[in-house]
Every structure is written in C-alpha cells, then in structure tokens.
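Have a look at the structure below before the remarks.
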Amino acid sequence: MPEGHTIHRAARLQRRRFAGAVLQVDSPQGRFDAGARMLDGRELLGVDALGKHLFHRWEGDVSVHIHLGLFGKFKVFTDVGRAPAPSDGVRMRWRGDVGVMYLSGPTACEIIDPDAEEALRARIGPDPLAVRNGDADRVVTTLARRRAPIAQLLLDQAVVAGIGNVYRAEFCFLAGIDPRRPANEVSSDDALALWEMSIRLMTIGERIGRIVTVDPAEVGAAKPGDLVRGDRLYVYKRAGQPCRRCATPVRSAMLASRRVWWCPTCQPG
DNA sequence: GCTGCATGATGAA
DNA sequence: TCATCCTGCAGCA
C-alpha cells in the first residue's frame, strides 16, 4: 500500500519488466477509455517516480501520470497465460509478451502534458528516494520556519515527498519527538536526523516491499526482511500496547484528520 | 449482505 | 475544517 517506497518500487519493477515492450492497453472499467485508446499498441519507454507520483513515458512523447491515493494498487502478472481476469475496478490494463499489469483504484490516471507535469513537480518537496543536492538543507530550513505540528508537516508533500502516515509516526518515535510538537521547536539536528532516517528506512522499504522501522537487532533478527508482521513497527496502530523500548502504553490522537501514534515516555513533548 | 475503515489528496467554506 | 472521491476487505449480522 502506497507510501513513497511503494511507488518507487512499482516504478523500478515496471521499468524492468515492461520498458521497451509494445503493449496492448485498455480500460476494463471504462474510466480511462480515451487514454487507453491513445496508448494502445505503443512502446513503453520508461517509468519514473517522484514522491507518491509515478510517470509512464510512452513512444510518441506521451506521458501518463498516476497517483495511487489511499486505495490504488498495481498488480503485475509475469505468467501472461495465467493472469486472472481483471476485477470490475481495473482502470488500466497492460498486456504484452513480458507480462500483464492491472491498475485499480488510483486517485489519478491521466495523460499529462509537459506544462502540467512541470507544475506538479514544482510543488513536490525533496524526496528521500530521489535525493538531490541541497535537499537536506531545504527540509531543515522549512521545518525551522513552520509552527505546525512536526507530524503534520511530515505528511505535507511540499515539505517532504513520499512520507505517509506509517512512516511519519515511526520517524517521530525514532527521533524521540512528540508528533504534536511545533516544527520550529524541533532542533535542526533532530530535523536532519528525521530526513536521514527517511532516506535509510524508505530505501529499505523500497527494496523489500514493506515498511519496517524496528531495528532487527532489537528483536533478534538478522535483517529487516526477516521481521514478522507485528514486529515491524514501533508505534503505528499500537495504541494501548506497551512501547517496545519502555513498556509505556502507546498513545494515539487525531492530528489534522489523520491518526498519529506515539510513546509519551520516549517522545516527550 | 452491510458497515466502516485504510499507508491520500483536493476543493469549497 | 469539512465533504468528497477512489477500492477492497475485515468484522459483523
């Protein structure tokens, strides 16, 4: 499910499997009929991701913008003959010699022109999975200037791109910061630590395809991929359960209409 | 079968 | 801050 690591992983896997292939494109659901007709029979040239946005580059200078939103999913089937029938909700389908891909539930699936793409990219902040020079400074500076709760800003895609509700709660835990603390009261060292852990942990998430923030050594595992469900996160959705570090019950609250979790002892206000 | 919820984001008020 | 859109699935009757 879709935080930035999911999108970047999807982009990488789609690139590997489908780039260079001529694809049959349609929209079983019908809501992308016009776009699908335009793409049908073209070669997919490339796939790239920025934050939670993904772009498909097609032969003939056509780009498609995808945003999975909360519900969107890509499903890829390697064995063309054995791909299941698409569900009613499949917005876009690809079929080719190399595989089959179904996209369902996206917030956005649209042909995008260069100007619109440029405008979109301009409002996306630094992406921990696509780091550029100056990104760390930009994030630290932005956080230092804003009074909104730190956890709220970590979800703001103009501030940092790709972090979602799971990672933001986990990063605040690992930094020892109460998620409700105003961002301008977070030290620049802590802000930098948040940025650097987002790079480290989201990179792991992109590689293994799931969110793991718990240090494997803490639960006697060798690597993040070995952690079982239930051991992978410190605070997300663990309200009332004991903190893994200090046993204090994990708390939760709504923050700008999204729920956030934290340990009141490890994350003092 | 129905209800509510979920790792997201937007536009109106 | 609220309503709305997007889909699938767990939990319940």
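Lettering follows sequence order; numbering is per chain, from 1.
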When the distance from NZ of A:Lys237 to C1' of C:dA10 is rounded to whole Å, what number comes out?
-> 11 Å
Among B:dT7, C:dC6, B:dA9, which is the nearest nucleotide to the side chain of A:Lys52?
-> B:dA9
Integer angstrom distance from the P of C:dA3 to that of B:dG4 | 15 Å
Between CZ of A:Arg258 and C1' of B:dT10 the distance, given in whole Å, is 13 Å
For B:dC5 versus C:dC2, give the span between their P atoms, rounded off to a whole number of Å.
-> 16 Å
Would you please test A:Tyr167 and A:His5 for ring-ring contact (aromatic ring centres under 6.0 Å, His included) and show each step?
-> CA-CA 10 Å; A:Tyr167 277 125; A:His5 68 297; 5.3 Å; yes
Please give the nucleotide sitting opposite C:dA3 as a Watson-Crick or G-U wobble pair, both distances under 3.5 Å, or none.
-> B:dT10
Begin from the C-alpha positions of A:His65 and A:Glu110 and carry the test side chain to side chain donor-acceptor pair (under 3.5 Å) through to its verdict.
-> CA-CA 5 Å; A:His65 167 230; A:Glu110 60 191 1; 2.7 Å; yes
NA contact type, A:Arg210, heavy-atom cut-off 4.0 Å: base, sugar-phosphate, or nothing?
-> nothing
Whole-Å distance between C:dC6 C1' and A:Ile66 CD1?
-> 13 Å
Roughly, in whole Å, what's the span from NZ in A:Lys73 to P in B:dG8?
-> 12 Å
Are A:Tyr236 and B:dT7 close enough that a side-chain N or O sits under 4.0 Å from OP1 or OP2?
-> yes
Pick base, sugar-phosphate or nothing for A:Arg123, based on heavy-atom distances below 4.0 Å to the nucleic acid.
-> sugar-phosphate
Between C:dG11 and B:dT7 - P atom distance, rounded Å | 16 Å
Donor-acceptor pair, A:Gln157 side chain versus A:Ile163 backbone, under 3.5 Å?
-> yes
Report the relative orientation of the aromatic rings in A:Trp58 and A:His56; use parallel for angles under 30°, tilted for 30 to 60°, perpendicular for over 60°.
-> perpendicular
Taking atom C1' in both C:dC9 and B:dA9, compute the distance separating them and give it to the nearest angstrom.
-> 22 Å
Any A:Arg91 side-chain N or O less than 4.0 Å from OP1/OP2 of C:dT7 = yes
Can any side-chain N or O of A:Glu170 pair as donor or acceptor with the backbone N or O of A:Leu233 at less than 3.5 Å?
-> no
Looking at residues 150-166 of chain A, who's got a heavy atom less than 4.0 Å off DNA chain B?
-> A:Gln157, A:Gly164, A:Asn165, A:Val166
Distance check: side-chain N/O of A:Gln29 vs OP1/OP2 of C:dT7, anything under 4.0 Å?
-> yes
Consider the side chain of A:His67, meaning its heavy atoms from C-beta on, and name the nucleotide among B:dT10, B:dA9, B:dT7 that approaches it most closely.
-> B:dA9
Starting at atom CG of A:Leu54, determine the distance to atom P of B:dG8, rounded to an integer number of angstrom.
-> 16 Å
Tell me what A:Ser257 touches on the nucleic acid: a base, only sugar-phosphate, or nothing, going by heavy atoms under 4.0 Å.
-> nothing
What class does the angle between the rings of A:Phe173 and A:Tyr234 fall in, given that below 30° is parallel, 30 to 60° is tilted and above 60° is perpendicular?
-> parallel
NA contact type, A:Glu170, heavy-atom cut-off 4.0 Å: base, sugar-phosphate, or nothing?
-> nothing
Applying side chain to side chain donor-acceptor pair (under 3.5 Å), run through A:Ser252 and A:Arg259 and close with a yes or a no.
-> CA-CA 7 Å; A:Ser252 90; A:Arg259 187 163 291 277; 2.7 Å; yes
Ring-base stacking, A:Phe71 with C:dT7 (5.5 Å, 30° cut-offs) | yes
